[in-house]
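Encoded as structure tokens, the structure appears first; notes follow it.
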Amino acid sequence: MTTPICPECDAEVSIPQDAMENELISCPDCGSELEIISLNPVELELAPETEEDWGE
Amino acid sequence: MNDDILVVKLGGGAGFNMQAACDDLARIAQRRPLIVVHGVSDMANRLTQERGLEVRMITSPSGHTSRYTDEQTRDIYVEAAELVNQQIVSFLQAANVTAVGLVNDETVIHGKRKTAIRAVINGRVRMIRDDYSGSISGVDTARLNRLLNDNVVPILPPIALSEADGLLNVDGDRASAAIASAVSAGTLIILTNVRGLYRNFPDEHTFVSQISHNQIDEAMTWAQGRMKRKVVGTREALEGGVRQVILADGRVQNPVQRALDGEGTVFTS
């Protein structure tokens with residue numbers, strides 16, 4: 001399996017074996033927050049900025 | 001500021017004494033302008049379970065819990081809001097108060113949906129994109145003021161309308177703060193299932209009866225669970241110009257009058 005690459009800094013990012021789609025992980029090199037968009041194949045994107053502002 | 005205007009948030013939890021609160025509200029509505037915001041959580045839970053569905057809560061990375069509101073849950077939430085709203089309107093009308101429920105498209109609360117939120121699931125943070133909760137982006141103040149001028153009591157569920165996404169689940173405590181700020185209310189009372197704020201809940205010796213606006217950061221560190229939202233709402237109301245916010249017990253007889261008489265935790269600007 002190809003090691004996924006951080007879209008921000010091109011570093012290799014290891015994915016937990018039990019990773020879930022839409023899980024957030026951090027790039028070990030640049031610290032960017034990344035979202036696992038798909039698992040097979042693994043695709044990473046920068047996680048969107050969100051404010052905490054929830055419902056009831 | 002119109003110091004006379006009172007905004008009351010009624011709890012939506014299972015232990016809340018709605019009849020007692022409405023009896024009290026009916027008396028108070030005879031002598032001052034009143035707006036009621038109400039919770040829906042217990043009714044929404046019951047309807048969800050009646051439909052054979054699971055009540056799902058999600059937790060934000062900073063520890064706030066919230067109802068996971070996918071489209072199906074949103075529709076149940078709206079139905080629950082209509083039922084609770086109608087119950088309050090009926091109670092008040094039976095006591096000769098002119099009350100109007102501002103539900104669904106009639107809502108005066110405008111909102112913006114969060115298209116992506118973070119949630120902690122089994123200890124891991126994930127993005128959720130099918131949630132219909134949102135933040136409050138505005139209030140139709142003119143409509144509320146017209147109703148108040150006509151001696152009508154507006155009754156509002158914690159639902160906002162987004163032009164793009166329809167009806168949204170919004171936090172009731174923060175909705176009541178937005179409403180109180182919008183109409184320049186003098187007092188906001190948030191009724192809940194505890195006496196108020198404690199430094200170390202549930203140790204009665206640590207109950208906080210008075211607190212000023214400049215201590216609110218400290219109050220946030222004392223608040224546990226759902227109380228955090230109430231303190232957030234309190235802060236927003238005080239910053240929005242409300243003179244005092246009272247967190248008080250909604251399980252007792254005359255809960256609103258008792259709060260006005262100083263029971264509960266009184267936050268002042």
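In what follows, chains carry the letters A, B, and so on, assigned in the order in which the sequence lines appear, proteins first and then strands, with residues in each chain numbered from 1.
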Go through the structure and list residues passing salt bridge (Lys or Arg N to Asp or Glu O under 4.0 Å) with B:E82, not counting sequence neighbours.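 Result, salt bridge (Lys or Arg N to Asp or Glu O under 4.0 Å) vs B:E82: none returned.
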Restricting to salt bridge (Lys or Arg N to Asp or Glu O under 4.0 Å), what partner residues turn up for B:R126, sequence neighbours left out?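 With neighbours one apart ignored, the set is empty.
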Which residues satisfy the side chain to side chain donor-acceptor pair (under 3.5 Å) test with B:R251, sequence neighbours excluded?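 Partners of B:R251 by the side chain to side chain donor-acceptor pair (under 3.5 Å) criterion, ordered by chain and then number, come out as B:D249.
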Suppose a student defines contact as a heavy atom less than 4.5 Å from any heavy atom of chain B. Which residues in residues 21-31 of chain A would they list?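 From residues 21-31 of chain A, the residues near chain B are A:E21, A:N22, A:E23, A:L24.
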Hey, mind stepping through A:E35 and B:R129 against salt bridge (Lys or Arg N to Asp or Glu O under 4.0 Å) and telling me if it holds? CA-CA 12 Å; A:E35 180 179 358; B:R129 289 191 169 78; 2.6 Å; yes
Does B:R46 come within less than 4.0 Å of B:D42, counting only side-chain N to carboxylate O?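 Salt bridge: yes.
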Taking only Lys NZ, Arg NE, NH1 and NH2, and the carboxylate oxygens of Asp or Glu, determine whether B:R113 and B:D131 approach each other closer than 4.0 Å.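 No, this pair does not count.
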